[in-house]
Each structure stands twice: as structure tokens, then as C-alpha cells.
There are 2 protein chains.
Amino acid sequence: MNCARPNRASKQMSRSTIKDIAKALNLSVSSVSRALRDSYEIGEETKKKVLEYAQSVNYRPNPIALGLKERRSHSICVIVPEIANNFFSEVINGIDRAAYSKGYNVFIFQSFEDGVRELQCIEHGIDRHVDGFIISLSGATGTYGHLDVLKEEGIPTVYFDRVPPFDQVDKVVVDNFEGSYNGIKYLIGLGKKRIAHISNPLNLSITKERHAGYLACLQDHGIEVDENLIQFCGFDPAEAHQTIQEMIAHHKPDAFFINSDRLTLNSLRAIKENQHLLNTSIEIVGFTNFKHVGLFNPPMIPIRQPAEAIGAKTVELLIEKIEAKRHVREPATYTLKTTLATNSMVS
Amino acid sequence: MNCARPNRASKQMSRSTIKDIAKALNLSVSSVSRALRDSYEIGEETKKKVLEYAQSVNYRPNPIALGLKERRSHSICVIVPEIANNFFSEVINGIDRAAYSKGYNVFIFQSFEDGVRELQCIEHGIDRHVDGFIISLSGATGTYGHLDVLKEEGIPTVYFDRVPPFDQVDKVVVDNFEGSYNGIKYLIGLGKKRIAHISNPLNLSITKERHAGYLACLQDHGIEVDENLIQFCGFDPAEAHQTIQEMIAHHKPDAFFINSDRLTLNSLRAIKENQHLLNTSIEIVGFTNFKHVGLFNPPMIPIRQPAEAIGAKTVELLIEKIEAKRHVREPATYTLKTTLATNSMVS
DNA sequence: ACATTTCCTGACAACGATTGCGTAAATTTT
DNA sequence: AAAATTTACGCAATCGTTGTCAGGAAATGT
């Protein structure tokens with residue numbers, strides 16, 4: 001008897017709304033809304049009718065309308081320097097899986113190592129009413145003022161890997177110091193004495209920690225630090241080539257320790273290209289999450305970060321913060337362990 | 001003289017809205033809206049006042065409210081099987097850059113090679129009123145019914161790389177046939193006669209095309225096809241190991257041709273692990289966009305896809321469709337060329 | 001001096017969904 | 001039987017923005 005409109009259901013020109021359902025069933029929008037949310041003030045019979053009809057027209061609530069009304073969007077925003085990176089793409093995987101299983105949608109933005117762009121990403125997220133942020137900072141800027149909005153507006157945020165240097169935020173990191181330390185220890189164990197350190201510029205916390213691990217391990221083993229063996233280098237392959245070439249030609253290292261994922265691959269290539277200048281065998285240890293390091297020649301030992309676990313942990317912390325009704329836990333830093341994959345064929 | 005509220009501007013508890021500006025300037029919301037959109041029906045003086053105040057409180061229009069009102073969101077949705085993949089992450093880079101420069105926002109979703117999840121991604125995009133889709137299909141399903149929504153609702157869509165087998169859609173692909181063909185030709189030129197073909201299952205168009213290129217080139221050079229040398233293999237490393245081991249042990253290939261990015265890396269590893277079973281030197285050609293193939297041992301020649309260019313092209317086509325007022329161009333397929341990087345140290 | 005045009009601005013509805021409040025009918029209580 | 005309560009639903013406001021329509025004031029034309 002109710003004047004349903006079969007043409008709406010079949011053709012479905014555009015998404016059917018709560019209003020369409022109301023009209024079709026001769027109900028008010030509020031009743032339909034409440035029926036769908038299983039409110040106690042709607043009769044069982046009506047509820048069933050609504051639910052069935054909604055099903056039949058494949059009704060899905062409009063998240064935009066919802067986002068406008070409520071203050072939240074059931075989605076989180078991930079900002080990374082770049083996606084085309086072994087480590088970050090793995091972390092994103094972890095985030096995506098974890099968030100999905102909790103019913104959250106994930107928006108992924110790239111800062112392209114640019115602080116301005118990073119701020120734009122944050123603003124985009126805020127404008128779209130995301131419930132929280134997961135951020136790994138761009139390396140270009142040494143300033144953190146653009147992160148203040150997040151604090152001021154009280155938007156739940158978790159940082160990972162490249163974290164800001166202040167305390168009152170949640171962070172998920174790895175023990176970079178230990179990772180470095182163990183890598184250097186391994187090299188020393190092989191009898192290496194002149195371990196070159198190829199590092200990114202020190203404006204990121206992780207870089208500093210890794211650098212510190214290098215220094216500490218040398219000192220602990222009574223090896224004097226030779227400043228000539230420490231070189232800083234950006235992400236440009238040509239720059240890596242130049243740096244490595246000079247290092248090999250002038251400072252005769254017997255091993256390399258390399259500081260970050262992208263730099264490791266660039267450097268390895270530069271080492272290969274300059275192999276003819278070497279007269280000793282060389283050992284290489286470097287941070288990288290590339291899965292098939294075992295294929296490399298010259299061979300190298302990777303220091304791996306548990307990327308998926310890091311992603312999963314950030315989501316866990318973030319959602320905890322988002323859904324915390326009251327008593328907000330104190331911000332804390334969660335530290336996971338790196339792995340020195342000395343037998344890299346088995347990973 | 002206008003009763004502005006400095007506390008709003010400084011504290012900025014939450015985003016300031018058009019309504020706040022109206023209140024502060026003693027105007028109506030509609031006037032403010034028009035002033036901001038530079039409407040001709042607002043006095044110069046008022047316009048200036050509004051613009052300045054908006055600037056001072058860092059006003060940004062709320063895209064959610066806008067998306068609700070209008071039918072569009074100035075954003076596009078990218079769906080790929082997975083991000084943690086050399087090729088896809090590079091394409092995403094291209095997409096992101098191109099879209100950004102045209103003022104579009106990019107949402108990135110992963111289907112995880114799952115057709116159901118792929119549909120969910122599409123629905124998410126639709127629900128969020130994205131203006132268009134850029135999709136590379138998941139490999140798991142051989143059905144395409146879940147793409148019908150896009151057609152029915154007339155949402156601009158461009159497919160790339162893994163495209164559906166029907167005609168009335170825009171596609172950006174590479175010449176897979178030629179890519180394979182040239183790869184095989186190179187191997188034949190080296191004197192290879194028993195070229196093993198490791199391929200993904202044939203349910204994707206790109207796989208079929210690459211397979212066809214392999215067959216055609218052998219035939220053109222008078223080499224009989226040995227079915228034993230053709231093996232199909234999924235994305236699991238253990239499966240690749242098994243496949244390669246059997247191939248080497250039983251069928252004595254003198255070269256390998258591998259069909260897809262991920263499979264290439266898995267297979268290369270398997271080949272390395274079984275190298276002791278080989279008594280001849282082996283040559284390897286495979287599709288991959290990994291940047292540092294020159295580091296690999298055993299060495300291999302990569303067939304590369306112009307990933308960033310593919311991304312840029314998809315965006316160009318999509319935005320053209322989105323912004324087309326009338327006369328919609330006929331759907332077409334755009335084919336870019338692969339590169340056989342025979343000197344892979346220089347890339 | 002009066003009618004008409006131009007210029008500027010405000011009120012209101014709409015987009016889709018939720019929610020507090022109001023209320024008629026049905027049911028229970030006294 | 002009257003009063004109180006419960007049940008089941010509708011109305012209207014709200015979120016931020018745009019667009020349609022209407023209207024007041026000033027400027028122009030007769």
C-alpha cells in the first residue's frame with residue numbers, strides 16, 4: 001500500500017538517501033534515521049520494513065553529511081615524506097590493515113620532504129574532519145611550528161619514525177641507537193677498524209640517534225673516531241656517488257655504515273661503481289627495509305625496522321586516543337626493536 | 001568600528017566559518033560568501049573588508065560542507081592493488097604531482113588484490129563524492145561486475161596497467177607485447193634457445209599480452225615453444241622458489257623471462273638459491289621498476305615501465321573528462337613504451 | 001517631483017543525516 | 001473511569017556553504 005518507487009530502486013541514478021526511503025515508506029526522515037540506528041523508540045515492525053527497504057536499495061549513509069553534522073569522519077590521515085619508499089610503504093600497509101579492521105578509513109598524503117606541503121596536508125586533513133593524524137615528518141625543515149595547529153585544536157596525533165623533538169606527543173619509533181650500535185658491533189666483530197659512516201644531515205631525530213649509536217659503539221670498543229670517515233649526504237644519487245668516491249679514494253675505509261633506507265641503496269650503487277678503487281674486501285651495513293637485499297652485490301647486511309608492526313602500533317595508539325571518552329593517557333614513546341639480518345637470504 | 005572578535009582570530013578554537021566572519025563584520029552569510037567568491041554584486045569596499053578579515057582568521061572553506069552542497073569534491077580517488085610495490089608507488093607519485101598541480105586532492109586506497117575490497121574502495125570513493133577514479137585492477141578476480149557502478153553513475157574513470165577487457169573506458173597502458181618481445185629478442189640475440197617464462201596466472205590483460213609477446217618472438221625467430229619452459233606462479237615467494245627449482249632441475253633453461261614486478265624479485269632470489277644446479281651461464285630479463293637492479297647478482301636486465309608518465313597521463317585524461325562541459329571524447333587507450341635497460345647501472 | 005533602473009545586501013531553502021522536543025494514541029496504573 | 005505512563009512517530013534545528021529571490025537605498029531618467 002505504501003507508494004514505493006521501484007524505478008528509484010532499480011535505476012539508482014544516484015545514491016538513495018534517507019529521505020528517499022522515508023518517502024517510499026511514508027515515514028518521516030527522523031523515523032527512518034532512528035530505525036536504521038536501531039533506536040528503541042521505533043516499533044519493531046517499522047524497523048524491519050525500513051531495514052529491508054534500505055537493504056534493497058543498497059543504502060549507505062553519506063559520510064559527507066555525517067561529517068558535517070558530527071565532528072568526526074571515522075577516518076584517519078597518514079602523512080609520510082613519500083610513498084615510493086620501502087619502509088614507508090610497508091608502514092602504510094600496517095596502518096591500512098589495522099585501521100580497516102577497526103572500521104576506520106585511511107587517507108594517505110605525501111609531503112615530498114617539504115614542510116610547506118606537509119602543512120597543507122595537515123590542513124587538508126583538518127578541513128576534512130579526520131579524527132586523527134599519523135605523521136612521519138619531512139626531513140627538509142628543522143622547524144615544527146606547523147604542527148602547533150594539531151596541538152591547539154586538540155586533534156589526536158601519533159608520530160612515527162621521524163618524530164618531533166618535543167615530549168607531549170605520542171611517538172612510535174625504533175631503537176635507532178641500538179640498531180646502529182649492533183650494526184657497528186657486527187662490523188667490529190669482523191675485524192673492521194675503519195668504518196665509514198654515510199649519514200643524512202642531522203636535522204632529524206632518527207639520524208642523530210643512529211649517529212650516536214655509531215659513535216658510542218666505536219668508543220666502547222676503543223676505536224678512535226676519525227671525522228674523515230663521517231660524511232653527510234642528501235637523497236640525490238649523484239651526491240651519494242661523489243661522497244662515496246671521495247671517501248674510498250682518500251680515506252680507505254674497510255667497512256661502511258649507512259644511515260637511511262634511500263641513502264643505503266644510493267650508496268651501495270656508488271660503492272659498486274667505485275669498487276675498483278678498493279684493495280681490501282669491504283663490509284656494508286645499512287638501514288633499509290628492501291626485502292631482497294640478499295640479491296645485492298656487493299653484499300650488505302640490512303638493519304630492518306618492523307614496519308608493519310610500527311604501522312599497527314600507531315593505529316592502536318591513535319584509535320585509543322580518538323575513542324578515549326575521558327582520562328587521556330599521558331603521551332608516551334613506544335620503542336620497537338630493529339633487526340640485524342645477518343643472514344639476509346632468510347627474511 | 002566593526003565589532004570584530006580578536007579572541008576568535010587569535011585563539012581559533014576551531015576553524016572559523018563564513019558565519020563567524022558574517023557575525024564579526026555585521027554582514028549576512030550570503031554576502032560574505034559572495035564577497036569571497038568575488039561576486040559582481042558585492043561592493044568593492046565590502047569585498048575588501050571581508051577578504052582582509054578572512055585572511056586574518058585564516059579562513060578556509062569547509063570542503064565537507066561544499067561537497068555536501070555541490071556534487072563534487074575536487075578530489076580524485078586512486079585504487080591500486082598495493083602501495084608497497086615499485087611500480088605502483090611510482091605511478092602514485094606521478095598522479096599525486098600532476099593532480100596537485102591542477103588543484104585536485106588525491107585519495108589513495110589499496111585493494112590488496114581483493115575484488116571485494118576493491119568494490120569497497122570504489123563505494124568509499126563514491127560516498128565521498130570524489131570527482132573521478134584512477135584504477136589498476138586487483139589480480140584476484142576475473143570478474144568485472146563491480147565496476148558497473150562507475151559506468152552506471154557516469155563517474156569519470158581512467159584505468160591503467162591492469163585494465164578491464166571492455167572497450168568503452170579510458171585506459172593508459174604500456175605496450176606489453178612489445179616490451180616482452182624486445183626482451184626475448186635480446187635474449188635470443190645472446191644466443192639463448194631455452195628461455196624459461198615465469199608468469200603470473202593469465203587472468204590479467206597485461207599478463208596475457210606479455211605472454212603473447214614471448215610466444216610471438218620465439219616463433220618469429222624459429223624457436224619452438226617448449227611448454228615445459230612456461231610456468232605460472234603467484235605472488236608467494238615459496239611458490240616462486242618451488243617453481244624455479246623444478247624448472248632448473250628438470251628443464252635446463254639457459255635464460256629466464258619473468259612477467260611482473262613482484263614475481264621478478266621473488267624469482268631472482270629463487271634463481272640465486274638454485275644457482276648451484278645450473279651448469280651454464282644464465283641470462284635474466286624481467287619486468288620490474290626497481291631502481292637499483294644494477295646491484296643484483298645474478299645480474300638481470302629489467303623491462304621498465306614509465307611509471308610517473310603513466311600516472312601523469314591518467315590524471316590528464318581524468319581531469320579532461322571531469323571538466324568536460326559537453327562533447328565527451330570517445331574513450332580510448334593510450335599506450336606508452338617500455339624500456340629495456342640493457343645497461344642498468346645508468347638509469 | 002515621481003518612476004525606473006542599478007547596486008548592494010539579507011532572508012530562506014537546500015544538500016543528507018542526527019537529535020531534542022513535542023504529542024497523539026495505546027497501554028498501564030490507581 | 002481518570003490519571004499516569006509508555007510507545008511510536010513527526011517537526012524543526014543543526015552542521016557550512018551556495019544560490020534564488022526579494023527588497024531597500026541611491027542614482028538616473030522623464
I'd like to know if S30(B) reaches the base of dA11(C) with its side chain such that a donor and an acceptor end up less than 3.5 angstrom apart. yes

From the options [options], select the nucleotide whose nearest atom is closest to the side chain of [X].
X      : options                   : value
S28(A) : dG10(C), dA17(C), dG10(D) : dG10(D)
A65(B) : dG16(D), dT18(D), dG10(D) : dG16(D)
I18(B) : dA17(C), dT18(D), dC9(D)  : dT18(D)
T46(B) : dG16(D), dC8(C), dG16(C)  : dC8(C)

Can a side chain N or O of [X] be found less than 4.0 Å away from OP1 or OP2 on [N]?
X      : N       : answer
Y40(B) : dT6(C)  : no
S33(A) : dT18(C) : yes
K69(A) : dC15(C) : no

Starting at [atom1] of [X] and ending at [atom2] of [N], how long is that distance when rounded to a whole Å?
X      : N       : atom1 : atom2 : value
L27(B) : dC7(C)  : CG    : P     : 19 Å
I21(B) : dT17(D) : CD1   : C1'   : 12 Å
D38(B) : dC8(C)  : CG    : P     : 12 Å
L66(A) : dC15(D) : CG    : P     : 16 Å
R72(A) : dA17(C) : CZ    : P     : 18 Å
K47(B) : dC7(C)  : NZ    : P     : 12 Å
E45(B) : dC8(C)  : CD    : P     : 11 Å
N26(B) : dA11(C) : CG    : P     : 11 Å

R162(A) to F88(A), cation-pi by 6.0 Å centre distance and 45° axis angle: no

Tell me whether R117(A) forms a cation-pi arrangement with Y100(B), defined as NZ or CZ under 6.0 Å from the six-membered ring centre and within 45 degrees of its axis. yes

Sorted by position of nearest nucleotide on DNA chain D, 5' first, the leading residue of E41(A) and R37(B) is E41(A)

Charged N-O contact under 4.0 Å between E316(B) and K313(B): yes

Among V163(A), V80(A), L147(A), D161(A), side-chain contact (heavy atoms from CB on, under 4.5 Å) partner for L137(A): L147(A)

Could you please spell out the steps behind the side-chain contact (heavy atoms from CB on, under 4.5 Å) verdict for L51(B) and D38(B)? CA-CA 9 Å; L51(B) 247 42; D38(B) 199 28; 6.0 Å; no

The residue, R34(B) or L68(B), whose nearest nucleotide of DNA chain C is more 5′ is R34(B)

